[in-house]
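These numbers come from the heavy atoms of this one structure, side chains and all, not from hydrogens, waters or symmetry mates. Naming: A, B, ... by sequence-line order, numbering from 1 per chain.
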Amino acid sequence: MRISDFQARVYRAASRIPRGRVTTYKLLAAAVGCRSPRAVGQALRHNPFAPEVPCHRIIRADLTVGGFVGEEQGPLWQRKVDLLRREDVLFRRGVLIDAARLYNPAL
DNA sequence: ATGATGATTGGGG
DNA sequence: CCCCAATCATCAT
């Protein structure tokens, strides 16, 4: 499969999220000039460069974990939580504990 | 070109 | 909790 121009832009923007920080689909969408956070999730879902391109650092606007490789629960989804755990990004009942870890890629 | 499908979001009952 | 519309890249028809 080929990487579309849109995917390239999303991956480049995602790569700017520092280790130990997270951003939301909405903010990342804004960063690439797209008004569909859902379309961004679509691109991240097919990220062939994980975890180099840290698609695990994108969560929902309500600060809940969100999906991963098309899953919202289960082993693959758990992988997202584990990757973040290694970066000291923790969740309580599925919700990000420290909101200060949010990163705005638009800056 | 047309319709369906998402790693979403915000609003409503 | 569930349902719905808006949004848009991508893929199937």
Does [X] make a side-chain N or O approach to OP1 or OP2 of [N] shorter than 4.0 Å?
| X | N | answer |
| --- | --- | --- |
| A:R38 | C:dT7 | no |
| A:R35 | C:dC8 | yes |
| A:K26 | B:dG10 | yes |

Side-chain ion pair, [X] and [Y], N-O less than 4.0 Å:
| X | Y | result |
| --- | --- | --- |
| A:E87 | A:R21 | no |
| A:R9 | A:D5 | yes |
| A:K80 | A:E72 | no |

What is the separation between atom [atom1] on [X] and atom [atom2] on [N], rounded to the nearest whole Å?
| X | N | atom1 | atom2 | value |
| --- | --- | --- | --- | --- |
| A:R60 | B:dG6 | CZ | C1' | 12 Å |
| A:E71 | B:dG6 | CD | C1' | 13 Å |
| A:I58 | B:dT9 | CD1 | P | 11 Å |
| A:W77 | B:dG6 | CH2 | C1' | 19 Å |

Give every pair of a protein N or O atom and an N or O atom of nucleotides 9-13 of chain C that lie under 3.5 Å apart, one pair per line with the distance.
unit_1, atom_1, unit_2, atom_2, d
C:dT10, OP1, A:S4, OG, 2.2

Practice problem: Please give the nucleotide sitting opposite B:dT2 as a Watson-Crick or G-U wobble pair, both distances under 3.5 Å, or none. | Solution: C:dA12
Practice problem: Indicate, with a heavy-atom threshold strictly under 4.0 Å, whether A:V69 touches base, sugar-phosphate, or nothing. | Solution: base
Practice problem: Kindly indicate, with the supporting measurements, whether the criterion side chain to side chain contact (heavy atoms under 4.5 Å, CB included) is fulfilled by A:V95 and A:D62. | Solution: CA-CA 8 Å; A:V95 186; A:D62 61 4; over 6 Å; no
Quiz item: Within the side chain of A:N47, is there an N or O that forms a donor-acceptor pair under 3.5 Å with the backbone of A:V53?
Solution: yes
Quiz item: Where the side chain of A:Y11 meets the backbone of A:A43, is there a donor-acceptor pair that is under 3.5 Å apart?
Solution: yes
